[in-house]
Amino acid sequence: MIKIAFKKYFELAFWIAAMVSLALTNPSDQSHFSLCPFKLMGITWCPGCGLGHSICYLFHGDIRRSFQWHWLGIPAVILIFYRIYSLARLRFKTRSPVSF
């Protein structure tokens, strides 16, 4: 039962949690923990971190800085929200009752 629910809802829960965490993160705060291998090696620029900062700035309403951090931030948010919508629609679609 748990394995089926995990398989069925994991991607949807992952994307929702990712968007919520990016919306609640302060993009200008540099003192948070990171799993970025570039940051751990001391390299200051990373395309993935730039994309995350871009999405954070977009959620905070700063479109100019969002575009400065990574120009694919805005299209990425649109694609991720579309993915969330399509997964939710697929997982929670209502079935019409069979009438005889």
Side-chain angles (χ1 to χ4, degrees):
M1 179 71 180
I2 293 174
K3 194 174 190 179
I4 294 170
F6 182 79
K7 184 177 179 181
K8 188 174 182 180
Y9 297 109
F10 176 74
E11 185 182 359
L12 178 62
F14 173 81
W15 286 122
I16 291 172
M19 290 290 105
V20 169
S21 67
L22 285 172
L24 296 176
T25 302
N26 183 4
S28 59
D29 187 19
Q30 296 296 330
S31 64
H32 67 280
F33 175 73
S34 176
L35 295 174
C36 176
F38 291 115
K39 193 177 232 182
L40 295 174
M41 289 187 295
I43 300 170
T44 58
W45 185 83
C46 170
C49 294
L51 190 60
H53 278 86
S54 176
I55 293 171
C56 285
Y57 279 117
L58 183 64
F59 281 141
H60 288 276
D62 195 347
I63 296 172
R64 183 180 57 80
R65 285 181 102 183
S66 172
F67 195 76
Q68 286 175 348
W69 271 95
H70 203 297
W71 61 277
L72 285 175
I74 297 169
V77 168
I78 294 169
L79 287 173
I80 292 170
F81 277 135
Y82 177 74
R83 183 65 181 160
I84 290 171
Y85 168 75
S86 62
L87 285 170
R89 195 168 142 230
L90 180 69
R91 301 298 186 246
F92 300 117
K93 65 181 176 182
T94 57
R95 296 180 183 178
S96 59
V98 179
S99 58
F100 293 98

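This is a predicted model, so every value here is computed, not measured.
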Under 3.5 Å, which donor-acceptor pairs link side chains of residues 72-84 to any protein atom two or more places apart or in another chain?
residue	atom	partner	partner atom	Å
Arg83	NE	Glu11	OE2	2.9
Arg83	NH2	Glu11	OE1	2.9
Arg83	NH2	Glu11	OE2	3.2

Under 3.5 Å, side chain of Arg91 to main-chain N/O of Lys8, donor-acceptor pair present?
-> yes
Any donor-acceptor pair under 3.5 Å from His70 side chain to Cys49 backbone | no
Minimum heavy-atom separation for Phe59 to Leu22, with atom names?
-> CD1-C, 4.0 Å
Between Phe14 and Tyr85, is there a shared hydrophobic cluster once you connect ILVMFWY residues whose side-chain heavy atoms come closer than 4.5 Å?
-> no
Give a yes or no answer on whether the side chain of Ser54 reaches the backbone of Gly50 with a donor-acceptor pair at less than 3.5 Å.
-> no
What distance do Leu51 atom CG and Trp71 atom CH2 have between them, rounded to the nearest 0.5 Å?
-> 11.0 Å
Of the non-hydrogen atoms in His60 and Thr25, which two are nearest, and what is the gap between them?
-> NE2-O, 2.9 Å
Would you mind listing the cluster partners of Phe38? Hydrophobic ones only (ILVMFWY), side-chain contacts under 4.5 Å, chaining allowed.
-> Met41, Ile43
If you draw a 6.0 Å radius around CG in Leu90, do more than 12 non-hydrogen atoms from other residues or ligands fall strictly inside?
-> yes
